[in-house]
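What follows is one structure encoded as structure tokens, with my remarks underneath.
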Amino acid sequence: MPVALKESKEYGMIDGKPISATSQPEELSTLITAFRSLRPAIVTLDGPAGSGKSTVGHQLADLVNFLFFDTGVMYRAVTWAALQRGIATQDQVRISELAAHLPIDVMPAAVQETDGRQCTVIVDGIDITTQLRTLEVDQNVSIVSAYGVVRQTLSGKQRHLSQYYGSGQAEKDGIVMAGRDIGTVVVPEAPWKIYLDATSNERARRRYEEMREQGKNAELNTVLKAILQRDDLDSHREVSPLHPADDAIVIDTSSLSPEAVVRQILSLAYQVISQKK
Ligand code: DC
């Protein structure tokens, strides 16, 4: 069984004082105000599929008026474009060329969008946001995201986005950027790095429930197998494999609600920010 965060659990030291998840029972508004003083206003949120990055990232970003950006959509957009063009995902040369030249526009969702999206993704002049999570894209995206040139190209775009939104001068006050290598490779200088994890069984259960809610047919065992396969590909690829940054705070979300995880993040950040003052 995974160990959930405990009362006394410490997350390292800052200026000789330990930081812990629960030692500051501050008002949420106090935590939010402190968090919004982060500069650059960049939070990295890495972890495996189903660890809660999207749910937690959305909630956190909404609370502090940051943009939530899930970098997985960029790898999915290249995969979608390859499938559209009939390019085999095993063809590394053509996929790399495609990634280098494909204009991918990502923008905060317009107010009138009602499908729960935070970002809109435009490729080939088409809004492909709702086409990024099909089974076909799911089955091919780990292959595409293992190519070094693809990663280099997309990491560069992600870095630009983080600088733009992290400056606090954009339409949002900062950015919560989710992925697999954001704290380790894309923005290693980010002031606040989170790595979410959960047991594979719990992550499969969450995906299974999500699929059922969307009316998709799924077997829990098949979903678990797919999760384990993706973990294996993401963690063992040569370029930017999935692992927590040395200075990331690792939170096991297996037995925590998204709200509890958000509060943990805010209260840990509050301690670090207050101790640094
Ligand atoms: O988070 P997701 O399931 O939408 O990610 C899709 C794929 O993209 C997944 O196989 C991991 C990969 N990915 C990555 O390698 N690096 C990122 N920063 C984001 C996603």
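Starting from 1, each residue takes its place in the sequence as its number.
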ask   = Does the pair Asp70 and Lys53 meet the rule for a salt bridge (Lys or Arg N to Asp or Glu O under 4.0 Å), with working shown?
value = CA-CA 8 Å; Asp70 172 9; Lys53 299 187 300 287; over 6 Å; no
query = Below 4.5 Å, heavy atoms only, C-beta onward: do Ile143 and Val141 meet side chain to side chain?
reply = no
note = When every non-hydrogen atom of Thr71 is compared with those of Gly179, the smallest separation belongs to OG1-CA, 3.4 Å
request  = Please determine if Asp46 and Lys193 form a salt bridge, counting it only when a charged side-chain N lies under 4.0 Å from a carboxylate O.
outcome  = no
query = Between the main-chain N or O of Tyr164 and the side-chain N or O of Ser167, is there a donor-acceptor pair closer than 3.5 Å?
reply = yes
task = Identify the two heavy atoms, one from Leu45 and one from Gly57, that lie closest to each other, and give their separation to 0.1 Å.
result = CD2-CA, 3.6 Å
inquiry  = What I'd like to find out is whether the side chain of Glu136 reaches to under 4.5 Å of the side chain of Gln131, using heavy atoms alone.
reply    = no
ask   = Would the number of heavy atoms belonging to other residues, nucleotides or ligands and lying under 6.0 Å from CD of Glu189 be above 12?
value = yes
inquiry  = Side chains of Phe35 and Val43, heavy atoms from C-beta outward: is any pair under 4.5 Å?
reply    = yes
key: Side-chain donor or acceptor of Ser37 paired with backbone N/O of Ala34 under 3.5 Å   = yes
message = On a heavy-atom basis, which atom in Ser235 and which in Pro241 lie closest, and how many Å separate them?
response = O-CB, 3.3 Å
message = Between Thr153 (side chain only) and Ala99 (backbone N and O only), is there a donor and an acceptor less than 3.5 Å apart?
response = no
task = Using a 4.5 Å cut-off on heavy atoms from C-beta on, say whether the side chain of Tyr165 contacts that of Lys172.
result = yes
key: Donor-acceptor contact below 3.5 Å, side chain Arg237 vs main chain Val239   = yes
query = What's the verdict on salt bridge (Lys or Arg N to Asp or Glu O under 4.0 Å) for Asp124 and Arg85, showing C-alpha distance, side-chain angles and the deciding distance?
reply = CA-CA 11 Å; Asp124 294 338; Arg85 289 161 170 74; 2.9 Å; yes
remark   = Residues Cys119 and Thr129: closest non-hydrogen pair is O-CG2, 3.5 Å
ask   = Between Gln84 and Ile126, is a side chain to side chain contact (heavy atoms under 4.5 Å, CB included) present by the stated rule, with each step listed?
value = CA-CA 12 Å; Gln84 283 291 108; Ile126 309 169; 5.8 Å; no
task = State whether the side chain of Arg203 and the backbone N or O of Ala198 hold a donor-acceptor pair below 3.5 Å, judged by distance alone.
result = yes
remark   = What one should report as the nearest heavy-atom pair of Asp197 and Pro48 is OD1-CG, 3.5 Å
ask   = Is there a donor in the side chain of Thr199 and an acceptor in the side chain of Asn201, or the other way round, less than 3.5 Å apart?
value = no
key: Check: Leu242 main-chain N/O paired with Arg180 side-chain donor or acceptor under 3.5 Å   = no
key: Close side-chain approach of Glu209 to Arg206, heavy-atom, < 4.5 Å   = no
message = Count I, L, V, M, F, W, Y as connected when their side-chain heavy atoms are under 4.5 Å apart, and connections chain through other members. Are Leu233 and Tyr75 then in the same cluster?
response = no
ask   = Under a 4.5 Å cut-off applied to non-hydrogen side-chain atoms, are Leu266 and Leu28 in contact?
value = yes
ask   = Taking atom types as modelled and ignoring hydrogens, do the side chains of Arg151 and Tyr147 form a donor-acceptor contact shorter than 3.5 angstrom?
value = no
Spacing of Asp234 atom CG and Asp232 atom CG [to the nearest 0.5 Å] = 9.0 Å
request  = Take Val176 and Phe69, measure what side chain to side chain contact (heavy atoms under 4.5 Å, CB included) needs, and give me the verdict at the end.
outcome  = CA-CA 6 Å; Val176 177; Phe69 180 56; over 6 Å; no
task = Return yes if some donor-acceptor pair links the side-chain N/O of Arg94 with the main-chain N/O of Glu97 below 3.5 Å, else return no.
result = no
ask   = Is the closest side-chain heavy-atom distance between Ile249 and Tyr195 below 4.5 Å?
value = no
Contact summary for Asp173 and Val64, nearest pair of heavy atoms = OD2-O, 4.3 Å
message = Can a donor-acceptor pair be found, under 3.5 Å and without considering hydrogens, that links the side chain of Thr44 to the backbone of Met177?
response = no
key: Residue among Ile128, Asp105, Val106 satisfying side-chain contact (heavy atoms from CB on, under 4.5 Å) with Val123   = Ile128
request  = Flag the pair Val187 / Gln158 as yes when at least one side-chain heavy-atom distance between them is below 4.5 Å, and no otherwise.
outcome  = no
key: Arg76 side chain to Leu132 backbone, donor-acceptor under 3.5 Å   = yes
